[in-house]
Amino acid sequence: MTERYNPAEVEKKWQAKWEADGLYQTTDDDRHKFYFLTMLPYTSGDIHVGHWYAMAPADTAARYRRMRGLNVFFPIGFDAFGLPAENAAIRQGIHPHKWTYDNIDRMRRQIRSIGTMFDWTSETISSDPEYYRWNQWFFLKFLEKGLAYRALAPANWCPSCQTVLANEQVLPDGTCERCHTSVTQRDLEQWFLRITNYADELLDLSGIDWPERIATMQRNWIGRSEGVEITFGLDIPGVDQKELRVFTTREDTIFGVTFMVLAPEHPLVPLITTPDRRAEVDAYVDQARRQTEIERLSTERQKTGVFTGAYCKNLLSGRDVPIWIADYALLWYGTGAVMGVPAHDQRDFEFAQQFQIPVRVVIAPPDWDGEPLEQAYLDPGVMVNSDRFDGLPNDEGKEAIADYVESEGWGKRTVSYRIRDWLISRQRYWGTPIPIIHCPECGAVPVPEDQLPVLLPEDAEFKPTGESPLATHERFVNTTCPRCDGPARRETDTMDTFMDSNWYFIRYLSPHYDAAPVDPERAEKWLPVDQYTGGAEHAVMHLLYARFFWKVARDLGVVRGDEPFLRLFNQGQIMGPDGQRMSKSRGNVVAPDEYVARYGADTFRCYLMFIGPWDEGGPFGIEGIAGIWRWLNRVWGLVLNQPSFGQAPAEAVRDLRRLTHQTIRKATADMERFRFNTLLAALMELTNGLLRHRDAGPVDRDAWSEGVQSLLLMLAPVAPHVSEELWARSGRPYSVHTQAWPAWDDDLAREDEITLVVQVNGKLRDRIQAPADIDEERATELALASERVRQFTKGKQVAKIIYVPGKLVNLVVK
RNA sequence: GCCGGGGUGGCGAAAUGGGUAAACGCGACGGACUUAAAAUCCGUUGUCCCGAAAGGGAUUUGUGGGUUCGAUCCCCACCCCCGGCACCA
């Protein structure tokens, strides 16, 4: 009676041994380095199926690369600052620090139970002073380089989180990314990082192997558009400003301008509005300000707006243009002003229709005979009604007008971006303090580097008030100015937690190094990251910020190279059995613990990889897990209950070896593509094949041993514990995880016999076993000789014979 | 509306330089073991039709067309699901 497979025992035993041996501690040696990174988890409390789905396949891929002879660095850490800690603290009366570090203890244990090869010696926790100290250091460097600045600006305010949000943290429906409350606007003094300085460089994703989808999302987010800033004349008594600038990408339509639109918040609005229009304008501005983003961004809605009573002058045509305000003009984009060309812009067209503003065609549609347009004409055409530019194709006209405007000094070619600078101030407690001291004499003074870190005080009252909780902490706030020694106050805002995830993977290399953010030697050896895996939900936040941050770190000489993550793979999202996102409130969360306790981590890991392609994710049903459990038990029995060895038929030996080598070939290809589902299917087939041979009679000892050994080696990355146990029990030397990935032999993998398919008019009529190297003549002969085929060719003429080597013969009959 | 990804058995899914559709599993059904159940093992299993059976035939990859000797794969039109973007001048 063989001992049964007891996963709990096996897993506990090997996890302890691996740890005691430091089996997964990365060493500096002369193997080629490979930095494999999985996104670090937020310290939310428990490791759930989503974490397993991110970590287990990543671990498998990392282990595979290690077996391929690479020196793999596979670190882990915790994204530990952030609002949930604070909210939980307020709700439960626990300090955010305690909540966070208790969670980390629990999560560490749970992550270990997965059986990953994480190198825990490099663990990094973003709320540790030894980590956030360098956030502060980077902030000071950004400041020195003019890449950090403070400005009074309208900011996205979440009334529930009681803090401002970055644009990226506001969802398309105008709600907060965290709590889905409608975001409002507030004017506040805020710290910004100048990500726009790097917009063009960030737009270039050509040097990295990323999913096209993510690259496209980043490009759309940055939203570069080339155009011209054009000046319109302004001559209003009592208004100093004598020009109004607009940004346009359609300078070729400049002669078609029949109105001007300013954003309601535009600073000129109160100055230029004529007394008779003032009441109406004020009412409109007021209403626009009160609107939520959701209402304002609705494209379905009819255009609204009001006339200010003022006019500006189109310098090219000399015409006076009425100035309106409308909420479809956005203050932050371009210059906050739009030139209205209803004939050639659909939005302007709708606006003009709404308010009976004339439509002036300046690009003639083909066969146009002067009749009014039914909608804006956007396609190319010949310019008309455009004075000296008449008759030019509009693409040439574009250049000509841009040249003319520049030569007259009425404007210049320019580039506009959708992306705005990154707002990093947060009015909350649990984050990195911004290292600034406000002095009444000297202004905003950076904290000297040697005084870092500015420690987050433990004993703050952290109830949200709309102001940072640090503001009421007297000991924290009151300090002296580093410049003049006078009394001064500390900045009380903390940093957006996306600052933390910007560079954690750099810190992993030397988490306790205290002379710089990273030990230069370690950075030189290990960076950049060779393979990054994580969810696609970070496409325009973390993944864009981190690229920006890296480029600045490069310019600071901290790292080398232009990109932090050479290859990116996005795993899919695992959802509840109901197809909805897993959440406690929906009650559709599948807790791994129950299944891990019953079947073990190996089974659970394998099951997650087996349910489908890793990049697809999808609803998670647990039903099939028994199949994996049975399979691992079959493998167990296979290794422990050996067949009777002896003289096996040559054909059987050949078959077994062929299966082994075909499986290695398939498994290797699947590992390279992260196709774990088909990889596991192949390993199951090898298992079933071995069992078939065992039950069929005497088995060749060498062929058997080769098959079992290969199976265990290929099993090692997917099911690290049971493979180690079986490797040991079959008398092989510790550890299976330091072995080389098996190699296949093409000759052994080759089929000598094929199933020749015979079709008549494309329909399958017979299958004939034939040698793999059969030639056309012989194949055709066999096909025509088939009794079954003859039934379908009888009385008909064979008009054509198609032969596909190694596959089929198709007889075309009439 | 625009840009991606997808739609294949009862279920999760395989297979696309056009060539045996449904590998590998789950579930279901039948059987073995058992006093019994669980566990395990063996067999069957896309659908429909003919047949007592052996077997045979038709049909099937969201829908409708097209190209081809042959289409899950290529082309056109449409429907549905998921993700992203959406008044960006």
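Not measured: the values here are computed from a predicted model. Letters A, B, ... mirror the listed sequences (proteins, then strands); counts begin at 1.
For the ring-ring contact (aromatic ring centres under 6.0 Å, His included) with A/Phe604, the qualifying choice from A/Trp52, A/Tyr599, A/Trp629 is A/Trp52, the only one to do so.
Using N1 to N3 plus N6-O4 or O6-N4 for Watson-Crick, or N1-O2 and O6-N3 for G-U wobble, each under 3.5 Å, B/C85 pairs with B/G1. Applying the Watson-Crick and G-U wobble criteria (two distances, each under 3.5 Å), B/C41 pairs with B/G31. A 3.5 Å limit on both hydrogen-bonding distances identifies B/G12 as the Watson-Crick or G-U partner of B/C24. B/U47 is paired with B/A58 under the criterion used here, namely a Watson-Crick or G-U wobble arrangement in which both key atom distances are under 3.5 Å. Shown here, B/A53 forms no base pair; nothing in the strands shown gives a Watson-Crick or G-U wobble contact with both key distances under 3.5 Å. Figure legend. B/C69 is base-paired to B/G19; pairs are counted as Watson-Crick or G-U wobble with both atom distances under 3.5 Å.
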Apply salt bridge (charged side-chain N to carboxylate O under 4.0 Å, His left out) to the pair A/Arg765 and A/Glu787, showing each step before the final yes or no. CA-CA 10 Å; A/Arg765 294 304 178 192; A/Glu787 197 50 49; over 6 Å; no
Step by step, work out the salt bridge (charged side-chain N to carboxylate O under 4.0 Å, His left out) result for A/Arg250 and A/Asp345. CA-CA 9 Å; A/Arg250 291 300 305 274; A/Asp345 182 287; over 6 Å; no
Given A/Phe259 and A/Trp324, is the ring pair (Phe, Tyr, Trp, His ring centres under 6.0 Å) satisfied, shown in steps? CA-CA 7 Å; A/Phe259 60 96; A/Trp324 290 63; 7.3 Å; no
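Side chain of A/Thr253 to backbone of A/Gly256: no donor-acceptor contact under 3.5 angstrom is found. Within the 3.5 Å criterion, the main-chain N or O of A/Thr249 finds a donor-acceptor partner in the side chain of A/Lys398.
An OP1 or OP2 oxygen of B/C42 is reached within less than 4.0 angstrom by no side-chain nitrogen or oxygen of A/Arg692. In terms of phosphate contacts, A/Asn677 brings a side-chain nitrogen or oxygen within less than 4.0 Å of OP1 or OP2 of B/A14. For A/Arg788, a side-chain nitrogen or oxygen approaches OP1 or OP2 of B/G56 to under 4.0 Å. Between A/Arg630 and B/G27, a side-chain N or O to OP1/OP2 separation shorter than 4.0 Å is present. For B/A89, the OP1/OP2 oxygens have a side-chain nitrogen or oxygen of A/Ser225 closer than 4.0 Å. Taking 4.0 angstrom as the limit, A/Asn220 places none of its side-chain polar atoms (N or O) nearer than this to OP1 or OP2 of B/C2. Note on A/Lys763: a side-chain N or O is less than 4.0 Å away from OP1 or OP2 of B/U59. In this structure, A/Arg675 does not reach the B/A13 phosphate: none of its side-chain N or O atoms is under 4.0 Å from OP1 or OP2.
Nearest heavy-atom pair, A/Arg788 versus A/Asp766, reported as atom, atom and distance to 0.1 Å: NE-OD1, 3.3 Å.
Counting any heavy atom pair closer than 4.0 Å across all strands shown, A/Asp615 reaches no nucleic acid atom. Counting any heavy atom pair closer than 4.0 Å across all strands shown, A/Pro613 reaches sugar-phosphate atoms only and no base atom. Residue contacts for A/Val338: at a heavy-atom cut-off of 4.0 Å it reaches a base atom on one of the strands shown. At a threshold of 4.0 angstrom between heavy atoms, the contacts of A/Glu685 are confined to the sugar-phosphate backbone, with no base atom among them. When heavy atoms are screened at a 4.0 angstrom cut-off, A/Phe792 is found touching the sugar-phosphate backbone but no base atom. Contact annotation for A/Trp631: no contact, since no heavy-atom pair falls under 4.0 Å across all strands. Residue contacts for A/Arg224: at a heavy-atom cut-off of 4.0 Å it reaches no nucleic acid atom on any strand shown.
Between the CZ atom of A/Arg634 and the C1' atom of B/C24 there is a distance of 10 Å, rounded to whole Å. Between the P atom of B/A71 and the CG atom of A/Leu808 lies a distance of 12 Å, rounded to the nearest Å.
Between B/G43 and B/C33, the two C1' atoms lie 15 Å apart (nearest whole Å). Annotation: B/U44 and B/A58 have their P atoms spaced 24 Å apart (nearest Å). The separation of B/G18 from B/C24, taken at their P atoms, amounts to 26 Å, rounded to a whole angstrom.
A syn orientation is assigned to B/G9, its glycosidic angle lying within 90° of 0.
For a distance-only test at 3.5 Å, the side chain of A/Glu623 fails to qualify as a donor-acceptor partner of the base of B/G12.
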